[in-house]
S.K.: 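Below is the structure I would like to discuss, written out as structure tokens.
Predicted, not measured: the structure shown is a model, and the values here were computed from it.
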There are 2 protein chains.
Amino acid sequence: MERKDADVCEIYYVNEAHVQSARQVLSPDREILSLAEIFRTLGDPTRVKVLQALSVEELCVCDLAKLLGISESATSHQLRVLRNQKLVRFRKEGKMAFYSLDDAHIDSLMKEALRHVREGADQYRGTERVRESAG
Amino acid sequence: MERKDADVCEIYYVNEAHVQSARQVLSPDREILSLAEIFRTLGDPTRVKVLQALSVEELCVCDLAKLLGISESATSHQLRVLRNQKLVRFRKEGKMAFYSLDDAHIDSLMKEALRHVREGADQYRGTERVRESAG
DNA sequence: TTAACGTATGAGCAGTTGTGCATATTATCG
DNA sequence: CGATAATATGCACAACTGCTCATACGTTAA
């Protein structure tokens, strides 16, 4: 468990304290993995587009394929990824499969990230983010 | 621009309407890419841990390496990724490099995602489709 | 039944990613 | 100066990812 850390940094005692306190706030491993998995799922342009598109209304696979500009096969593959992550669900109507969002958090996540992106694009890094545009 | 879509689905006209309205809400490509990039950056367990750890206090590379259980080289590599994404910053103090969070949004993003993960773990899907087995 | 359509899935491939190893860089100490 | 410590970086490699292609599945129409 605790290995000697005399060989780590020169202020090894403070080091250990830092590591310990940092370890406190770390989520358990399974949560870390789930977190990373969610983000990784969102970390693909195609899937971001799918989720944005589905935030308006349900769409069938061929609609999405056309919108995305990729094959219906690729679209189906991506939808399966999103389905496995419980981010979308689908209903069958005849031969068609209509997909829709299956998660409320995801939209907030994307909107929050979008805010970040938009800030960063225009005038990122003020000084310390002191009153970005407070009047 | 508009290609014939008579070969897509059978209700091609409705299809086109759906695709059009969906296209409306899609962010411009560069924003989509930035979004995906941010999420992809967050989509790795090691980096999630780094960000969680740094949410408490700044840490040096060797602290982080110890906390993560990976080499200091790998840690440095990951910190560079986070640095490039402007998610962390660092200050040099002698030979040490102390890293800290450089973004306010990220913490909210992670907390929001954590909520999602925690809901999903225990009693996922209770919001929308209650009574799935209702006739 | 056969045929066509919309979708799903497995295989394979090119491109990417995270890590360790070796080495370079920078700073402190003697 | 040289030696050592803390960090950074180039390279290599295994693992993974997203796509296309081929094919299978389920539904509808004839």
Side-chain angles (χ1 to χ4, degrees), chain A residues 5-12 14-15 18-19 32-33 36-50 58-85 88-100, chain B residues 5-12 14-15 18-19 32-33 36-50 58-85 88-100:
Chain A
D5 42 350
D7 55 338
V8 179
C9 299
E10 49 181 14
I11 41 174
Y12 55 87
V14 180
N15 174 294
H18 284 178
V19 173
I32 296 281
L33 290 178
E37 203 174 4
I38 291 288
F39 283 131
R40 183 153 33 86
T41 304
L42 298 177
D44 175 77
T46 299
R47 289 192 289 267
V48 169
K49 286 184 193 171
V50 169
E58 64 176 12
L59 290 171
C60 68
V61 178
C62 64
D63 282 350
L64 283 167
K66 198 143 166 289
L67 176 64
L68 302 171
I70 62 177
S71 73
E72 296 170 10
S73 172
T75 305
S76 190
H77 277 296
Q78 294 292 27
L79 285 170
R80 182 163 58 136
V81 173
L82 293 170
R83 235 168 41 212
N84 290 341
Q85 290 294 315
V88 305
R89 73 182 131 175
F90 73 109
R91 68 181 177 85
K92 276 303 213 38
E93 189 177 311
K95 346 176 190 176
M96 322 271 289
F98 289 96
Y99 281 80
S100 55
Chain B
D5 41 350
D7 55 339
V8 178
C9 298
E10 49 181 15
I11 41 174
Y12 55 87
V14 179
N15 175 295
H18 285 177
V19 172
I32 297 281
L33 290 178
E37 201 174 5
I38 290 289
F39 284 131
R40 183 155 33 87
T41 304
L42 298 177
D44 175 78
T46 299
R47 291 193 287 267
V48 168
K49 285 184 193 172
V50 169
E58 62 177 13
L59 291 170
C60 68
V61 177
C62 64
D63 283 349
L64 283 167
K66 198 143 164 294
L67 176 64
L68 301 172
I70 61 176
S71 74
E72 296 169 11
S73 171
T75 305
S76 190
H77 278 296
Q78 296 290 28
L79 285 170
R80 182 161 57 131
V81 173
L82 294 170
R83 235 168 42 212
N84 289 342
Q85 290 293 316
V88 304
R89 69 183 134 177
F90 74 110
R91 67 182 176 85
K92 275 304 212 39
E93 189 177 311
K95 345 176 193 176
M96 321 273 287
F98 288 97
Y99 281 80
S100 56

S.K.: With each end axis built from five pairs of C1' atoms, what bend angle do you get for the helix from dT1(C)-dA30(D) to dG30(C)-dC1(D)? Round to 10°.
M.R.: 10°
S.K.: Counting distance alone, no hydrogens or angles: does the base of dT9(C) have a donor or acceptor under 3.5 Å from a partner atom on the side chain of S73(A)?
M.R.: yes
S.K.: Measure the spacing between OG1 of T75(B) and CG of L59(B) and express it to the nearest 0.5 Å.
M.R.: 11.0 Å
S.K.: Nearest-Å distance, OH (Y99(B)) to C1' (dT7(D))?
M.R.: 8 Å
S.K.: Could you give the CD-to-C1' distance, from E58(B) to dA6(D), as a whole number of Å?
M.R.: 15 Å
S.K.: Identify each atom pair where a protein N or O and an N or O of nucleotides 13-19 of chain C are less than 3.5 Å apart, giving names and distance.
M.R.:
from, atom 1, to, atom 2, distance (Å)
dT17(C), OP1, R40(B), NH1, 2.8
dG18(C), OP1, R47(B), NH1, 3.1
dG18(C), OP1, R47(B), NH2, 2.5
dG18(C), OP2, R47(B), NH1, 3.2
dT19(C), OP1, T46(B), OG1, 2.7
dT19(C), OP2, Q78(B), NE2, 2.3

S.K.: Could you report the tightest heavy-atom contact between A36(B) and P45(A), atom names first, then the distance?
M.R.: CB-N, 3.5 Å
S.K.: Taking only residues two or more places apart in sequence, or in another chain, which ones meet T41(A) in a side chain to side chain contact (heavy atoms under 4.5 Å, CB included)?
M.R.: R47(A), V81(A), L82(A), Q85(A), L87(A)
S.K.: Looking at side-chain heavy atoms only, is the closest gap between L67(A) and K49(A) below 4.5 Å?
M.R.: no
S.K.: How many angstroms lie between CG in L64(B) and CD in E58(B), if you round to the nearest 0.5 Å?
M.R.: 10.5 Å
S.K.: What residues, two or more places apart in sequence or in another chain, satisfy side chain to side chain contact (heavy atoms under 4.5 Å, CB included) together with R83(A)?
M.R.: R80(A), V88(A), F90(A), Y99(A)
S.K.: Atom CG of N84(A) and atom P of dT17(D): how far apart are they, to the nearest Å?
M.R.: 12 Å
S.K.: Using whole Å, report how far CE of M96(B) lies from C1' of dT25(C).
M.R.: 17 Å
S.K.: For the pair made of CZ in R89(B) and P in dT7(D), what is the distance, rounded to whole Å?
M.R.: 18 Å
S.K.: To the nearest 0.5 Å, what is the distance between NE2 on H77(A) and OG on S71(A)?
M.R.: 7.5 Å
S.K.: From C-beta outward on E72(A), which listed nucleotide comes closest to its side chain: dT7(C), dT7(D), dC21(C)?
M.R.: dT7(C)
S.K.: How close do L42(B) and V48(B) get, counting heavy atoms only, and between which atoms?
M.R.: O-CG2, 3.2 Å
S.K.: Think R83(A) has a side-chain N or O under 4.0 angstrom from the OP1 or OP2 of dT7(C)?
M.R.: no
S.K.: Rounded to the nearest Å, what distance is computed from the CZ atom of residue F98(A) to the P atom of nucleotide dA8(C)?
M.R.: 12 Å
S.K.: Starting at CG of D44(A), measure out to CG of L33(B) and round the result to the nearest 0.5 Å.
M.R.: 10.0 Å
S.K.: Could you check how far NZ of K66(A) sits from P of dT7(C), rounded to whole Å?
M.R.: 13 Å
S.K.: Dump every N/O contact between nucleotides 24-30 of chain D and the protein below 3.5 Å, one line per pair.
M.R.:
none

S.K.: At what distance, to the nearest 0.5 angstrom, does CZ of F98(B) lie from CD of E93(B)?
M.R.: 5.0 Å
S.K.: Once salt bridge (Lys or Arg N to Asp or Glu O under 4.0 Å) is applied, do any residues pair with E37(B), and if so which ones, sequence neighbours excluded?
M.R.: none
S.K.: Given atom CG of L79(A) and atom P of dT9(C), what is their separation to the nearest angstrom?
M.R.: 11 Å
S.K.: Has R80(B) got a side-chain N or O lying under 4.0 Å from the OP1 or OP2 atom of dT9(D)?
M.R.: yes
S.K.: For the atom pair CG (D63(A)) and CD (E72(A)), what is the distance rounded to the nearest 0.5 Å?
M.R.: 9.5 Å
